[in-house]
Protein chains: 2
Amino acid sequence: MTADNDKTRTRKASIDDVAKAAGVAIKTVSRVLNNEPNVREETRQRVLVAVKRLNYHPSPSARSLASRRSYLIGLVYDNPSGNYTIEVQRGALARCREGKFLLLLHEVTGAGEELTQDVMAFANQTHIDGLILAPPLSESEEIIRALDEHGLPFARIAPNDLKHRSPYSDMDDEGAAREMTEYLIGLGHRRIAFIIGRPGHYASGQRLKGYKAALKSHKIAFNADYVRQGDFLFDSGLEAARQLLALPTRPTAIFAANDDMAAGTLMAAHEMGVAVPDQLSVAGFDDAAISRTVWPPLTTISQPTYQLSYAAADLLLKSLLSGTPPKPVRLLHKLIRRASTGVLRNPD
Amino acid sequence: MTADNDKTRTRKASIDDVAKAAGVAIKTVSRVLNNEPNVREETRQRVLVAVKRLNYHPSPSARSLASRRSYLIGLVYDNPSGNYTIEVQRGALARCREGKFLLLLHEVTGAGEELTQDVMAFANQTHIDGLILAPPLSESEEIIRALDEHGLPFARIAPNDLKHRSPYSDMDDEGAAREMTEYLIGLGHRRIAFIIGRPGHYASGQRLKGYKAALKSHKIAFNADYVRQGDFLFDSGLEAARQLLALPTRPTAIFAANDDMAAGTLMAAHEMGVAVPDQLSVAGFDDAAISRTVWPPLTTISQPTYQLSYAAADLLLKSLLSGTPPKPVRLLHKLIRRASTGVLRNPD
DNA sequence: CTGAAAGCGCTTACAG
DNA sequence: CTGAAAGCGCTTACAG
């Protein structure tokens, strides 16, 4: 039983309590808490002691109401692959935490007008200060137009080439896909198949472009039979690979536009008794967790997903605080060699 | 150019604007928005028309400040397996959205006192109304004590047997593990190994108990060599399985306490050239996404992770609104048979 | 069924 | 360097 163990114990301390305890005006407490200048060091210390003693934590809602800022950032994503999404979440979450903003997740599913309405309803209801758009939402002209009309700042992760003043972070999808294809060519492969990513994703087209460019620069004829449409999900990779491996002259290497589809490709190979990598090399893209838990582990492109998301959040916060849109950020990828690729051993 | 296309366009409408437009007091607007009784239907309609016309969305911070509620729920989790975490997120998110609460995610990493401090700092800074504890945090006596002292309501997902009045959701881990073990016994296996989950998780102990109980009821002697410690992560399953498969008399079946470790077990079998399921049956637990993307697909226990989390959020919201702690909820599991288990074909 | 007043706990704008 | 006043946009408590 302490001296102040009375009924007031349950009520949270407010700025008034702190001001009274420190013998200053609430404005001074506010200055100390927000690191504003013009506070004498001795006064500052007195305030800090009172804050500590009263276990004071400023009310976010009072602060928001008075400052006309919610300190809330929204992260909107569609969810093609859970492996990818969780990294996107982590990156944005980390940056928001550092900046004392809170991150609100909003998973969407629809398309077109309905999707735009969904995003705008989320923004309206939560009164978020800004939004982070993960792909493929980062490419939606319709959403971008609606956000502009609404005057809501946003940052984009891996957007398409649409010109817009809002900040974004991206990587060189085309260059990375080209690099991977050239790596397979370097292993001696000539019959290299490609599984395209989800239609409508800018990255899908870029990766296909890189694949084609590598073939061309090595004078390997493009074979439409070796290119299949997927959607970034495991099942689509499984299905596409089943078809590819059933071709009369089957490919000796399959490059899937992401790791989930590459994992599906491995399963098709297992089903059909095709040895990886002895009879078939398989490559993915992302370096997601799944690339290390399949057999054999996948050769892939390490896409800096966490960093892309962190950077997008960083740019958004900077633009909110400065008012001017910062320059876009381009991050580097890396080819990771694992056991799923190799030179041909038993070509049939 | 509409008639009201002047500078006021950027300012958001407030409750005062709506009241003025509808010719009522703000209290009446508040009644309509919160579905309170005692509003004439005609008045109600007038208000709704004004809300629509002004595109009015109530300010969450003003509402929070006045009502002394943040309408914020925290979800705190440690992250042993990404596959599990994303389902936990989804379940809680879905329920909060329905209840017009916002969900704040907080991933923690530490342990002991530091961990408790981390959780409490999160609660203090955000002023959340309640907290959802995912395992193994749902078992921490220290955190529970701190939350009690703080007077913060919380719900637990799959907690241990600690008696506490706070609501929780769980499943029968012991029964499920027993069922899986008996299924393996039914296939003719006698040398059944078990890989234990992360130490300190209540579920880990319960699943081990179920495994032992099944052996006992079928009069199969318990062999300590066949039981290995894991931590729910892929690598620990890989390592444990490598050891098990290197035993002079190796097991014919391995039951891992979760899917990630079972996936690691499959990789060890691949590495060592042990055919699954012909020479070795492998079973997991969770029915996470990974159970369908490995080769062969895993026989596992479908743990209703999403529903457990949804239920915990549901119980928390109910207890916040009613003030009385609702009854705990127990959810059902299901054994999912896939290709990773079978009768022995080529015992060596 | 409806409303006027007070107040939630901060920041902004201003004064000294 | 410090502070008094006003106000952000709602809900609570009360009155009629």
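It should be emphasised that the depicted structure is a prediction, and the values quoted were computed from it without experimental measurement. Every chain is numbered from 1 and lettered A, B, ... according to where its sequence line falls, protein lines coming before strand lines.
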Would you mind writing out the side-chain donor-acceptor pairs for residues 27-38 of chain B within the sub-3.5 Å range, not counting sequence neighbours?
| from | atom 1 | to | atom 2 | distance (Å) |
| --- | --- | --- | --- | --- |
| B:Ser30 | OG | B:Asn34 | ND2 | 3.4 |
| B:Asn34 | ND2 | B:Ser30 | O | 2.9 |

Hits for ring pair (Phe, Tyr, Trp, His ring centres under 6.0 Å) against A:His127, two or more places apart or cross-chain, chain-then-number order -> none
Hey, what are the protein-to-nucleotides 5-8 of chain D N/O distances that come in under 3.5 Å?
| from | atom 1 | to | atom 2 | distance (Å) |
| --- | --- | --- | --- | --- |
| D:dC8 | O2 | A:Ala66 | N | 3.4 |

Less than 3.5 Å apart, which donor and acceptor atoms pair up between the side chains of residues 133-140 of chain B and the rest of the protein, not counting sequence neighbours?
| from | atom 1 | to | atom 2 | distance (Å) |
| --- | --- | --- | --- | --- |
| B:Ser138 | OG | B:Ile157 | O | 2.8 |
| B:Glu139 | OE1 | B:Tyr202 | N | 2.9 |
| B:Glu139 | OE2 | B:Tyr202 | N | 2.9 |
| B:Ser140 | OG | B:Glu142 | N | 3.4 |
| B:Ser140 | OG | B:Ile143 | N | 3.0 |

Once salt bridge (Lys or Arg N to Asp or Glu O under 4.0 Å) is applied, do any residues pair with [X], and if so which ones, sequence neighbours excluded?
X        : answer
A:Asp129 : none
A:Arg68  : none
A:Asp16  : none
B:Lys318 : B:Asp314

Margin query: Assess whether a salt bridge exists between A:Asp148 and A:Arg165, defined as any Lys/Arg side-chain N lying under 4.0 Å from an Asp/Glu carboxylate O.
Written below: yes
A:Arg69 CZ to C:dT12 C1', in whole Å, measures 13 Å
To the nearest angstrom, the CZ-C1' distance between A:Arg44 and D:dC1 comes to 14 Å
Sorted by number, residues from residues 31-38 of chain A placing a heavy atom under 4.0 Å from DNA chain D are A:Arg31, A:Asn38
Please confirm whether the shortest side-chain N or O distance from [X] to OP1 or OP2 of [N] is below 4.0 Å.
X       : N      : value
A:Tyr56 : C:dC10 : yes
B:Thr43 : C:dT2  : yes
B:Arg63 : D:dG9  : no
B:Thr28 : C:dG3  : yes

Where DNA chain C forms runs of at least three Watson-Crick or G-U pairs (i with j, i+1 with j-1, under 3.5 Å), the stems are C:1-3 with D:14-16, C:5-12 with D:5-12, C:14-16 with D:1-3
Tell me what B:Pro60 touches on the nucleic acid: a base, only sugar-phosphate, or nothing, going by heavy atoms under 4.0 Å.
nothing
Sorted by chain and residue number, the side chain to side chain donor-acceptor pair (under 3.5 Å) partners of A:Glu98 (sequence neighbours excluded) come out as A:Tyr310
Between B:Gly23 and A:Ser59, whichever has its closest DNA chain C nucleotide further toward 5' is B:Gly23
- Between A:Arg330 (side chain) and A:Met171 (backbone), is there a donor-acceptor pair under 3.5 Å? yes
Applied to residues 45-73 of chain B, the ring-ring contact (aromatic ring centres under 6.0 Å, His included) test, sequence neighbours excluded, yields B:Tyr71-B:Phe101
